[in-house]
Amino acid sequence: MGALQSLSDEPEYRELAEKTGFSFEQIGILHKRFKQLSHNEDMLRRADLDTIPDLACNPIRTQIIEAFFDKRNFHQNGDGTVEEISFEEFLVVMSHFRPPALNMTEDQREKVRREKLRFLFNMHDTDNDGTITLEEYRHVVEELLSRSGALGKETAKGIADAAMLEVASISIGHMEPDEFYEGITFEHFLKILKDIEIETKMNIRFLNMDTTTLCNRDSSSIR
Amino acid sequence: MSVRVVLHSPSGSRSFLERGLLLLVMLIFLEGTVLTLGAASSPDISAQDNTGGHDHRGIAGSHDHTNYTYTKKAFPVLSLDYHHIQVPFEISLWVLLASLMKLGFHLIPRLSSIVPESCLLIVVGLLVGGLIKLAGEEVPPVLDSNLFFLCLLPPIILDAGYFLPIRPFMENIGTILMFAVVGTLWNAFFVGGLLYAVCQIEGTYLSQVELLPCLLFGSIISAVDPVAVLAVFEEIHINELLHILVFGESLLNDAVTVVLYHLFEEYSGAGEVTPMDVVLGVICFLIVSLGGIAVGAIYGILAAFTSRFTSHTRVIEPLFMFVYSYMAYLSAEMFHLSGIMALIACGAVMRPYVEANISHKSHTTVKYFLKMWSSVSETLIFIFLGVATVAGPHAWNWTFVSVTVILCLVSRVIGVVGLTFIINKFRIVKLTTKDQFIVAYGGLRGAIAFSLGYLLDKDLFPMRTMFLTAIITEIFFTVFVQGMTIKPLVDLLAVKKKQEAKRSINEEIHTQFLDHLLTGIEDICGHYGHHHWKDKLNRFNKKYIKKCLIAGERYKEPQLIAFYHKMEFKQAIELVESGGGVKLPSAVPSQVSMQNIQPKKLPPPVAERALPQFTKGREEEIRKILRSNLQKTRQRLRSYNRHTLVADPFEDGWNDFLLKKQRLIELEKKMSNYLTVPGAIPDSPTMCRARLASDPNAFYNIKASSDGVPTIQVDLASPQSPDSVNMLNEEGREGADRDEDQGLMMKPAGKGEKGEEEGGNKNPGLMRCLSDPGPSNEDEEDEPFLP
């Protein structure tokens with residue numbers, strides 16, 4: 001059934017494949033998953049993603065779900081959030097996690113790195129002002145540690161503050177006592193995370209094979 | 001003794017070599033000593049000793065002689081009994097020689113950068129062996145297989161296993177296993193088979209070498225040696241991925257080698273191997289490897305569990321770890337399982353739990369002991385290799401040896417290239433050609449191959465000496481040629497090097513963030529991938545295992561927080577160790593402090609304008625600085641309730657004293673520098689120091705705080721720093737005023753307790769004078785936050 005479906009959607013898939021870089025099989029599988037999550041509708045809502053049971057124990061669940069509905073990740077220079085997304089937008093967001101191709105030039109690699117880091121940046125910068133302020137960063141760390149039991153906000157604050165200080169130190173260096181560091185801009189963000197080699201880490205293995213069995217199991221648990 | 005005189009000569013590299021040579025001479029003088037370390041000396045050797053060329057002061061202590069004529073001798077005032085201490089003495093001499101050699105190499109500056117240490121050590125071994133031979137004595141069979149496998153190899157493997165970077169190892173486990181298992185099998189059969197084919201060629205006089213001994217030889221020589229790889233790769237600082245690939249392979253191929261070796265050794269007598277044997281061999285392989293890992297894991301868990309209760313006997317904590325690991329190795333060897341894999345599993349399993357339980361000092365002890373033992377072992381192994389080369393009976397056969405060397409290289413290259421082609425289909429991050437080259441070129445052989453060859457039965461394998469010669473030649477080739485040239489090749493090919501930067505807290509945060517993000521995306525995609533299972537394992541670990549194995553409440557501590565505390569702790573120690581006034585080396589001299597990142601406050605009411613603003617940021621800064629400088633990171637936060645941690649009053653007192661001294665020195669310097677410089681805003685670090693320095697007893701009041709947050713209670717007896725009064729006062733005022741649900745709570749405990757009220761309107765000018773506008777201070781204070 002899956003194969004027949006993909007054949008019938010060929011022209012759409014081709015366009016999507018060009019846009020996002022996925023192969024036809026991968027698009028087919030993801031489409032199936034999309035339909036499953038959205039209960040066979042055309043648009044996906046936040047509530048649909050909320051129902052995924054495995055996601056419940058993820059500390060940064062809200063941020064992940066938000067990222068899917070964030071217009072900045074749709075590569076259309078948009079802004080703000082939407083209430084529901086189509087399959088194309090779903091695919092575009094997923095494409096941020098594609099592994100880079102084997103033979104890439106340094107420039108292409110850099111581009112991929114920027115794209116992935118931009119995704120992360122957008123996740124942190126919730127008010128979309130182009131910088132990650134201290135409050136936003138604190139929120140990130142709090143969320144990360146939220147599953148760890150009864151730890152006060154103080155620890156999270158301490159860690160976030162230390163991290164912020166580090167960014168400021170690396171990016172700006174010397175600051176007068178009067179000056180104020182507004183927040184982490186995208187350039188600073190790139191700088192502090194350049195050692196992580198994000199293009200090798202932020203990847204998911206998208207299957208080329210059908211995972212009907214898994215999907216079925218999931219769908220039964222969703223319903 | 002004559003040696004002692006020499007030791008007092010002026011030091012310099014020359015004297016070390018002289019010392020070494022003198023030691024060699026000493027060795028030669030100890031005639032007839034066969035270095036059967038671990039075995040008791042036989043009686044005829046001791047007889048030789050007594051008749052050897054020793055100085056016999058006084059009357060010879062020949063109490064063992066049975067034919068004593070009862071003549072009254074003078075009471076032996078001084079006697080020499082070498083035999084009594086022979087074995088430990090010789091062991092110590094060897095160890096001393098090895099260490100002195102190592103010392104000497106590093107004193108010769110250029111040598112250690114051109115030639116890897118392993119080569120130099122082999123050369124030293126050759127020299128020693130040569131000297132012994134020149135003296136006409138029989139070179140002791142030092143590289144006895146028992147000694148090697150039971151004493152010299154375990155420390156190195158334990159060191160490697162304990163400090164194994166688990167994350168990259170697990171991420172690349174598929175690749176590593178492929179190289180280790182399939183690669184070694186390929187090498188063994190390729191080399192063995194082709195050698196046999198060559199032997200069958202007319203004119204090489206080798207036709208008596210049969211297939212199975214050839215295959216056995218192939219399996220011995222095909223295994224990449226962890227000792228050699230460690231020795232060479234440590235010096236070239238290659239990037240983590242390649243390091244873990246080659247190193248992981250060298251560790252995991254032990255199981256394959258063990259099985260192949262036993263298989264071919266068993267059946268060399270019988271002369272043939274049936275398919276049934278092959279099937280049994282495969283089963284044996286699974287048992288050997290999985291069994292080894294299981295044994296190691298069991299001992300690791302035992303060690304972790306034991307360490308949970310050691311809070312009252314901190315002194316013997318490191319001992320538990322070493323003994324459990326060694327027992328894991330011995331138990332595995334007892335069942336002919338893979339001892340190396342057992343050790344690795346034991347070290348890797350016990351590490352996270354033990355580190356959470358043991359004290360900082362024990363951790364340091366473990367680290368240093370492991371490094372020390374593995375270093376000495378490695379040195380000894382290479383020296384012994386040299387000595388054994390001189391000693392062993394050799395049967396040189398040009399064809400055999402040269403074909404071996406060439407075949408090993410060829411098979412390694414083909415194996416790596418072929419396997420990478422298959423592996424790259426499954427890897428996200430593919431291996432490039434450069435990577436493949438380094439992996440192939442880094443396949444060094446070492447002492448394990450030699451020991452395995454040495455173990456062969458002379459009768460069953462008449463060509464044993466030829467094998468040994470070939471093995472030694474191969475080892476020499478890989479260690480000398482490949483070992484020496486790999487460094488310039490790495491530079492030439494511009495292979496990525498290891499990043500020296502320490503982990504920054506941002507990277508740590510984002511690594512964790514990425515983990516959760518990727519797990520979440522996988523869940524959304526609906527397939528249970530890599531991250532999903534890792535996440536599940538982590539949660540299982542946290543929920544059940546950590547509860548059992550980690551003492552007290554600390555099992556709840558998430559990784560990020562543990563990392564953060566460790567970082568602070570480390571920096572606090574660095575600060576103390578660097579001594580007063582010495583600038584800590586920093587990658588980026590930062591002059592950013594907390595106040596720069598805090599949002600600006602509204603202008604304060606007029607009454608307070610005269611006084612410097614004391615924002616939340618500074619308060620936080622103070623707290624942070626105090627926290628980092630006081631080295632009580634673990635006790636401080638209320639949420640941690642380490643029932644079992646008993647602070648060592650001695651230790652804390654001494655540290656406090658050091659800190660105090662340092663502070664005093666710093667303060668004096670600052671005060672002399674800045675007294676006349678008006679500063680805009682007084683900087684908290686100086687204030688802190690001023691405050692703390694003014695009252696030497698400030699530290700000791702810390703424990704009085706009930707909720708664990710350190711509060712400095714200052715006795716204002718000393719007149720030198722009226723400013724400190726101001727600060728505290730302000731702090732008290734501000735603290736009380738502010739609604740404290742934001743920012744860190746700095747309990748102004750000093751407010752009520754001591755009479756600091758008088759400070760209200762003290763001269764702000766003086767305060768400003770002591771302020772610290774300069775970069776240098778902020779440098780030091782911001783050190784804790786730099787990567």
Side-chain angles (χ1 to χ4, degrees), chain A residues 30 33 36-37 49 52 54-55 57-61 64 94 97 99 102 120 123 134 140-141 144-145 148-152 154-155 157-159 161-170 172-175 177-181 192-193 195-196 200-207 211 214-215 218, chain B residues 424 428-430 499 501 504-507 509-514 516-532 539 556 558 560-561 564 588-600 620 624 637-639 680-681 683 743-745 773 775 782 784-787:
Chain A
L30 286 171
R33 179 66 177 168
Q36 198 178 42
L37 288 174
L49 287 179
I52 301 177
D54 294 309
L55 215 45
C57 22
N58 200 317
I60 53 171
R61 176 158 146 268
I64 298 179
M94 281 297 188
F97 295 94
L102 177 57
L120 278 185
M123 280 184 86
L134 186 61
V140 169
V141 179
L144 261 185
L145 296 177
S148 328
L151 293 172
E154 299 175 12
T155 335
K157 280 192 179 12
I159 295 178
D161 294 340
M164 198 74 170
L165 205 58
E166 201 178 73
V167 179
S169 317
I170 294 179
I172 301 192
H174 174 81
M175 279 181 88
D178 273 349
E179 284 180 65
F180 170 59
Y181 182 60
I192 53 167
L193 290 184
D195 284 336
I196 272 195
T200 58
K201 297 236 167 72
M202 187 164 147
N203 299 316
I204 291 205
R205 198 185 297 276
F206 287 102
L207 299 174
T211 50
L214 281 171
C215 286
D218 259 323
Chain B
N424 269 345
I428 298 185
V429 179
K430 321 275 182 199
Q499 278 142 357
S504 75
I505 196 158
N506 277 298
E507 285 177 14
I509 291 177
H510 280 96
T511 314
Q512 298 257 334
F513 191 82
L514 262 180
H516 290 298
L517 175 64
L518 292 173
T519 312
I521 299 283
E522 274 189 5
D523 290 331
I524 293 181
C525 271
H527 68 255
Y528 296 151
H530 188 59
H531 289 96
H532 179 94
R539 273 188 279 138
K556 288 210 197 103
L560 186 58
I561 301 202
Y564 177 58
V588 175
S590 81
Q591 293 106 16
V592 181
S593 67
M594 282 304 292
Q595 63 212 45
N596 292 117
I597 67 175
Q598 294 296 334
K600 283 229 164 33
E620 227 181 78
K624 213 178 293 296
L637 292 172
R638 255 171 276 170
S639 28
I681 303 164
D683 200 37
L744 298 164
M745 276 225 254
D782 290 322
F785 309 114
L786 273 185

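So you know, we letter chains A, B, ... as the sequences are listed, proteins then strands, and number each from 1. In this text, all values refer to a predicted model and were calculated from it rather than measured experimentally.
Annotation: the span from A:Ile52 atom CD1 to B:Asp523 atom CG amounts to 7.0 Å, rounded to 0.5 Å. Summarising the geometry, atom CD belonging to B:Gln512 is positioned 10.0 Å from atom CD1 belonging to A:Ile60; distances are rounded to the nearest 0.5 Å.
When all heavy atoms of B:Ile524 and A:Met94 are compared, the closest pair comes out as CG2-CE, 3.9 Å. The two atoms that bring A:Leu55 and B:Gly520 nearest to each other are CD1-CA, 3.6 Å, heavy atoms only.
Of the atoms belonging to B:Ile521, heavy atoms from both backbone and side chain fall under 4.5 Å from chain A. Only the side chain of A:Leu193 comes within contact range of chain B, with heavy atoms under 4.5 Å apart.
When side chains are defined from C-beta on, B:His516 does not count as touching A:Ile64, because their heavy atoms never get closer than 4.5 Å. B:Leu517 places a side-chain heavy atom less than 4.5 Å from the side chain of A:Leu120.
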